[in-house]
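Computed from a predicted model, the values in this text were never measured in an experiment. Numbers for residues simply follow the sequence, beginning at 1.
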Amino acid sequence: MTVTAADQQDWIVAGLAFRNPVVLAAGTAGFGKEVDDVLDLAAIGGIATKAVSVTARHGAPPLRVSEFAGGMINAIGLANPGLDAVRAEFLPWLHHAYPDTRVIVNVVGNSVEDFETVIGGLDDMPGVDAFELNVSCPNVKAGGLEFGADPVALAALVCAARAKTSRPLFVKLSPTLGAGVVDAARVSMDQGATGLTLVNTMPGLVIDAARRRPKIGFGTGGVSGPALLPLGLLATWRVRQALPSVPLIGLGGVSTGNDAAQYLLAGASLVGVGTAALRDPRAPERIARELAAWADQQGVRDLRSIIGTLEWPS
């Protein structure tokens, strides 16, 4: 079974037609232009862009990325060219080059007003299909507590974002919430979110024992890669059980078609690929092919039929 461009109208998530269920996770392929010579965005369903903030961010000091046995730790610091450059250059290029690939703009900020400014500044642009709120950002007006960890701040943020756009709005939640991810999911949906992205990276620390210093320049960072797979799957399954009709983008640790199938079984509507694409920019295309091959091997004629069908032990 292969999901082709001809079937695109059938893979509908949040009212958007995707070519197939594989999408690039935010921050792993820039705005598409950065990987255009090695990755065919026409072979996957969509891309969540690098985070966009009101003004340009230079990011964290080097070393920003380091691999370890279970995956990768990074502290990029949400580096991005800022709203004006994204509007003038990056998104127009992406829309012109890949008009049939869905574009989800990841939005960051340290206040509700930051998010409002970015969404308001991009909402009228052709080729912007949806927004994704990175609620792992610190809310500077609430003492630095992450938006996603504070139900009141989260509700205010999602409500304000919804007022700025009628486009689909996804809220990207953190694995640090544990079972509380369901409560955050409910708050998000109650305030007008269209869907949820599960999950962001997990805070961690990797040490260079010989130097007796952290491996990356910022010290701590976000853990991603294979080690995150069980956490992302559990969060996706928990939210699917509590909110069965909500569109979910499941991500974390996806490096094979089998991993992608697991997310669909857990309840994801779309499957994000992140760290695997950083290691090998052609991985998303391969994963989409492997997912199709898995469906053939399993006798699955329509991948949509397996979404949320995980059989729990009695």
Side-chain angles (χ1 to χ4, degrees), residues 1-26 43-48 101-102 104 129-130 132 168-173 175 179 181-182 184-186 188-189 193-200 228-274 276 284-314:
M1 197 286 298
T2 303
V3 180
T4 66
D7 304 314
Q8 182 179 351
Q9 69 273 17
D10 293 330
W11 198 281
I12 306 296
V13 178
L16 301 174
F18 288 78
R19 186 180 293 110
N20 61 51
V22 176
V23 299
L24 282 165
I44 60 174
I47 174 174
T101 299
R102 300 282 71 82
I104 303 169
D129 296 300
E132 179 180 73
L169 187 66
F170 288 85
V171 178
K172 189 172 187 178
L173 299 175
V181 71
V182 172
R186 286 199 175 101
S188 300
M189 298 309 299
T194 310
L196 304 159
T197 302
L198 308 162
V199 289
N200 210 329
L228 199 61
L229 179 66
L231 302 180
L233 288 170
L234 180 57
T236 300
W237 178 79
R238 279 172 164 160
V239 174
R240 176 73 183 194
Q241 296 305 298
L243 302 168
S245 64
V246 171
L248 304 178
I249 305 175
L251 63 91
V254 176
S255 58
T256 68
N258 184 279
D259 298 336
Q262 290 186 61
Y263 269 103
L264 294 178
L265 290 165
S269 315
L270 297 166
V271 180
V273 178
E285 297 176 59
R286 172 181 55 77
I287 291 168
R289 292 194 303 269
E290 290 177 355
L291 179 59
W294 176 90
D296 280 339
Q297 293 165 3
Q298 297 293 318
V300 176
R301 295 177 61 92
D302 184 348
L303 276 170
R304 294 166 301 174
S305 68
I306 73 166
I307 293 174
T309 59
L310 177 66
E311 297 179 10
W312 200 253
S314 57

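- L291 and P21 get closest at one heavy-atom pair: CD2-CG, 3.8 Å.
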Exercise. Please step through side chain to side chain contact (heavy atoms under 4.5 Å, CB included) for the pair I307 and R240, ending with a clear verdict.
Key: CA-CA 10 Å; I307 293 174; R240 176 73 183 194; 3.7 Å; yes
Do any side-chain atoms of residues 257-274 form donor-acceptor pairs under 3.5 angstrom with protein atoms, and if so which ones, sequence neighbours left out?
from	atom 1	to	atom 2	distance (Å)
N258	OD1	Q262	NE2	3.1
D259	OD1	T256	OG1	3.4
D259	OD2	S255	N	2.9
D259	OD2	S255	OG	3.2
D259	OD2	T256	N	3.1
D259	OD2	T256	OG1	3.2
Y263	OH	L251	O	3.0
Y263	OH	G252	N	3.4
Y263	OH	G252	O	2.8
S269	OG	L248	N	3.2

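- The shortest heavy-atom contact between I287 and V254 is CD1-O, 4.0 Å.
- Rounding to the nearest 0.5 Å gives a distance of 8.0 Å between OG1 of T197 and CG of L173.
- The two residues D302 and S305 make their nearest non-hydrogen contact at O-OG, 2.6 Å.
- The minimum heavy-atom distance between V22 and P284, with the atom names listed, is CG1-O, 3.9 Å.
- Two residues are said to be in side-chain contact when any heavy atoms from C-beta on lie closer than 4.5 Å; L303 and W294 meet this criterion.
- For the atom pair CD (E132) and CG (L196), the distance works out to 10.5 Å, reported to the nearest 0.5 Å.
- Of all non-hydrogen atoms in R186 and A242, the two that sit nearest each other are NH2-CB, 3.7 Å.
- The nearest pair of heavy atoms linking A43 to E285 is CB-CG, 3.8 Å.
- With hydrogens and angles disregarded, a donor-acceptor distance shorter than 3.5 Å links the side chain of R102 to the backbone of A17.
- Rounding to the nearest 0.5 angstrom, the gap separating the CG atom in L310 from the CG atom in L233 is 9.0 Å.
- Of the possible polar contacts, one joining the N20 side chain to the G45 backbone as a donor-acceptor pair under 3.5 Å is found.
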